[in-house]
Amino acid sequence: MHDVVIVGAGPAGLTAAIAATTAGASVLVLEGGPKPGRKLLASGGGRCNVTNTLPAAVFMERFGRFGRFMQPALDQFGSHDLREFLGRLGVQTHAPDGFHVFPTDHDARSVLDALVTELARLGGDVRIESPVVDLSVSNGRTVGVVCESGSVPAGSVILACGGCGYPALGGNDSGYRLAAAHGHRLEPEHPGMVALLVREDWPARCIADTVPRAKLSVRRSGKQRISGTGDLIFTRTGLAGPVILDLSREITPILATDGELLLDLELTGRTQAEWLADLDRAREQEPRSTVATWLSTTRKVAPTVGAVFCELVAVDTTWPLERLGRGHRNQLAASLARTQVTVTGHAGWDRAMVMRGGVSLRDVRPETLESRRVEDLYLAGEMLDLDGPCGGFNLQWAFASGHLAGSSAAAG
Ligand SMILES: Cc1cc2nc3c(=O)[nH]c(=O)nc-3n(C[C@H](O)[C@H](O)[C@H](O)COP(=O)(O)OP(=O)(O)OC[C@H]3O[C@@H](n4cnc5c(N)ncnc54)[C@H](O)[C@@H]3O)c2cc1C
């Protein structure tokens, strides 16, 4: 029998296994898929944005209302500790922009190989193709897990099964279903960090351009304002890019209840009055200059986007500026300053990099990550109801929670 059995060989499970073996426990990791760490390998486009340089207090705020749940895990294994730990395993890290932290070779494989090698060196076992289908619980204590091939006894169990985004990389709902089957409450799951679909067809015609520093906000009367600023990418079906990935975790729960929502886009960093003043000045100075030429000289809007905004207010970019009457000038200035799209859906679980929701934090002790429902059961990583924005937040949480769960399970 093993002291600790860990379900899932993602970053949370592998870090838990290293922490538990380091503390002297015998450890077995059961991984349902064909390989460990498949999401870790794909993270950051293969470059693996492992963490960031934010102080813990600000880091936790970015997870929303329940971010402080992470305090004990981050106290033990914050960004600095993670970087030191990876350094000891031979993976140096750096933050080229002062914020996002990557391995210096920008290769997720280095991080995964280092974890797997360290665990083997410490004597921990990883068994692949071993999906866990149930927990063995006796008198309110977990005594092992059940695999398709039979029962595996354990002193304690750590569930580190991740969320259900990207099923092609092992995402599934089995972890929180296992927890729910043993009395844990679940918060509704929604895809996060996912592209959005819109009803309008004009974004498809802006596809060539990324809009830097786009300001987005959700219109909902009487509700808390949801907004964000960052790079926006137009796609064939809607919107993507870092600002959308970040906002999507707030938007998908609204879509689930409201069906659709209106999103304001401020893409040019100028107000309607500023655009109007610029247009009036150009029209006076160079009345024969075309709308297209004027737009390009402003350097405030990419050519395809500018052309689409003209089209939306029935202005032809080949017209000379003198042809624009007051009505057209006002409409064009308004459209360039702010426009709106109707978000009707998202790209689905297949493309969701994180899961919003999961096992309720009310059923887990933050200081050890032990379940309040079943003794000797611990939970770590994305399957808990915590998700952060883009930028190394989710991996940091997976590593930190894995470390805390592993050391607690070994001590318990
Ligand atoms: C494409 C992509 C890019 C990303 N990029 C970043 C990034 O750059 N930075 C960042 O911070 N975050 C990123 N994320 C998010 C991050 O990868 C996850 O939040 C993180 O991997 C979660 O770690 P975890 O160990 O909790 O779960 P996972 O990594 O999902 O690992 C869980 C493991 O458990 C296994 N499992 C599930 N159920 C069972 C079962 N019943 N029995 C046995 N095994 C089971 C799964 O096969 C899987 O291997 C990205 C995610 C994706 C999909």
Side-chain angles (χ1 to χ4, degrees), residues 5-17 28-52 59 62-63 79 82 100-103 106 108 111-112 115-116 126-135 145-149 152 157-179 181 191-195 242 245-246 249 347 349-356 358-359 369 379-384 386-403 405-406:
V5 165
I6 297 171
V7 187
L14 291 172
T15 313
L28 171 66
V29 183
L30 296 170
E31 164 56 45
K35 289 182 208 159
R38 284 186 291 162
K39 276 192 195 173
L40 181 63
L41 273 187
S43 66
R47 299 186 323 140
C48 195
N49 179 195
V50 278
T51 183
N52 59 56
F59 180 95
R62 301 290 299 277
F63 279 71
S79 159
L82 170 62
H100 299 88
V101 176
F102 297 92
H106 287 217
V111 177
L112 179 60
L115 296 174
V116 170
V126 180
R127 203 178 288 165
I128 57 165
E129 314 270 17
S130 304
V132 167
V133 294
D134 201 0
L135 297 173
V145 298
V146 182
C147 285
E148 277 158 7
S149 53
V152 180
V157 171
I158 301 175
L159 289 179
C161 304
C164 39
Y166 268 83
L169 299 175
N172 68 67
D173 64 359
S174 70
Y176 54 87
R177 298 286 158 230
L178 286 176
M193 281 205 206
V194 67
L245 296 184
D246 276 354
R249 51 199 266 277
W349 285 111
D350 282 357
R351 296 272 152 219
M353 293 187 203
V354 292
M355 175 179 80
R356 172 142 265 207
V359 176
L369 298 181
L379 300 98
E382 201 184 305
M383 59 178 288
L384 287 166
L386 278 169
D387 62 283
C390 290
F393 290 88
N394 294 291
L395 281 177
Q396 171 67 54
W397 166 241
F399 287 119
S401 58
H403 183 83

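All ligand and atom numbering here is 1-based and tracks the order in the structure. Worth knowing before you read on, the calculation uses all heavy atoms, side chains too, and leaves out hydrogens, waters and symmetry mates.
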(request) Could you name the option among E148, M353, E129, E382 that has the heavy atom nearest to atom 2 (C) of ligand 1? (result) M353

(message) Within this structure, what is the CH2-CG distance for the pair W397 and L386, rounded to the nearest 0.5 Å?
(response) 5.5 Å

(request) Do me a favour and list the nearest non-hydrogen protein atom to atom 42 (N) of ligand 1 with residue, atom name and distance? (result) V132 N, 2.9 Å

(request) Considering heavy atoms of the protein only, find what lies nearest to atom 5 (N) of ligand 1 and give residue, atom and distance to 0.1 Å. (result) G44 N, 3.0 Å

(request) Would you give the length of the straight line joining atom CG of D350 to atom OH of Y166, rounded to the nearest 0.5 angstrom? (result) 9.0 Å

(message) Is there a side-chain contact between V111 and F399 in this structure, where contact means two heavy atoms from C-beta onward sitting under 4.5 Å apart?
(response) yes

(request) For ligand 1, note which part of L30 has a heavy atom under 4.0 Å away: side chain, backbone, both or neither. (result) backbone

(request) Starting from atom 53 (C) of ligand 1, locate the nearest protein heavy atom and write down its residue, its atom name and how far away it is, to 0.1 Å. (result) Y166 CD1, 3.4 Å

(message) Using 0.5 Å steps for rounding, measure from the OG atom of S130 to the CD atom of E148.
(response) 9.0 Å

(request) Measure F393 to ligand 1 on non-hydrogen atoms and call it side chain, backbone, both or neither using the 4.0 Å cut-off. (result) backbone

(message) Suppose we measure from atom 21 (O) of ligand 1 to each protein heavy atom; which comes out shortest, and what is that distance?
(response) P11 CG, 3.6 Å

(message) Run the side chain to side chain contact (heavy atoms under 4.5 Å, CB included) test on V132 and S174 for me, step by step, so that the C-alpha distance in whole Å, both residues' side-chain angles and the decisive distance to 0.1 Å come before the verdict.
(response) CA-CA 8 Å; V132 167; S174 70; over 6 Å; no

(message) Could you identify the single nearest non-hydrogen protein atom to atom 9 (N) of ligand 1 and state the distance to 0.1 Å?
(response) N49 O, 3.1 Å

(message) My understanding is that we take every heavy atom of each candidate and find the minimum distance to atom 32 (C) of ligand 1. Doing that for G8, C161, A9, C164, which one comes out nearest?
(response) C161

(message) Using the side chain to side chain contact (heavy atoms under 4.5 Å, CB included) definition, which of the options L379, V152, L159 pairs with V7?
(response) L159

(request) For G10, take its heavy atoms, then give the atoms of ligand 1 lying under 4.0 Å from any of them. (result) 25 (O), 29 (O), 31 (O), 33 (C)

(message) Taking 4.0 Å as the limit for heavy-atom contacts, which would you say applies to S43 with ligand 1: side chain only, backbone only, both, or neither?
(response) both

(request) May I ask you to decide if N52's main-chain N or O and S79's side chain share a donor-acceptor pair within less than 3.5 Å? (result) yes

(request) For ligand 1, note which part of P36 has a heavy atom under 4.0 Å away: side chain, backbone, both or neither. (result) neither

(message) Please verify the inter-ring angle class for F102 with H106; under 30° counts as parallel, over 60° as perpendicular, anything in between as tilted.
(response) parallel

(request) Mark up the atoms of ligand 1 that fall under 4.0 Å of a heavy atom belonging to A42, in ascending order. (result) 3 (C)

(message) Quick check against the 3.5 Å criterion: does N49 have a side-chain atom that pairs as donor or acceptor with the backbone of G44?
(response) no

(request) Output the list of atoms in ligand 1 that are nearer than 4.0 Å to some heavy atom of S174, sorted by atom number. (result) 38 (N), 39 (C), 40 (C), 41 (N)

(message) Quick check on contacts: which atoms of ligand 1 are under 4.0 angstrom from a heavy atom of V7?
(response) 40 (C), 42 (N), 43 (C)

(message) Tell me the contacting part of A12 for ligand 1: side chain, backbone, both, or neither, using a 4.0 Å heavy-atom threshold, strictly below.
(response) both

(message) With rounding to the nearest 0.5 angstrom, report the CG to CE distance, N394 to M355.
(response) 11.0 Å

(request) Do me a favour and list the nearest non-hydrogen protein atom to atom 10 (C) of ligand 1 with residue, atom name and distance? (result) L395 CG, 3.4 Å

(request) List every atom of ligand 1 that sits less than 4.0 Å from any heavy atom of P131, numbering the atoms from 1 in the order shown and giving each element. (result) 42 (N), 43 (C)

(request) Check whether more than 12 heavy atoms from other residues, nucleotides or ligands sit under 6.0 Å from atom CZ of R177, and answer yes or no. (result) yes

(request) Please report which non-hydrogen protein atom sits nearest to atom 45 (C) of ligand 1, along with the residue it belongs to and the distance in Å to one decimal place. (result) G32 N, 3.9 Å

(request) Measure the CG-NZ distance between L169 and K39 for me, rounded to the nearest 0.5 Å. (result) 7.0 Å

(request) Return the residue, atom name and 0.1 Å-rounded distance of the protein heavy atom closest to atom 35 (C) of ligand 1. (result) E31 OE1, 3.3 Å

(message) Show me which atoms of ligand 1 lie under 4.0 Å from any heavy atom of G381.
(response) 26 (O)

(message) Quick check on contacts: which atoms of ligand 1 are under 4.0 angstrom from a heavy atom of A398?
(response) 23 (O)

(request) With rounding to the nearest 0.5 Å, note down the distance linking NZ in K35 to CD1 in I128. (result) 9.5 Å

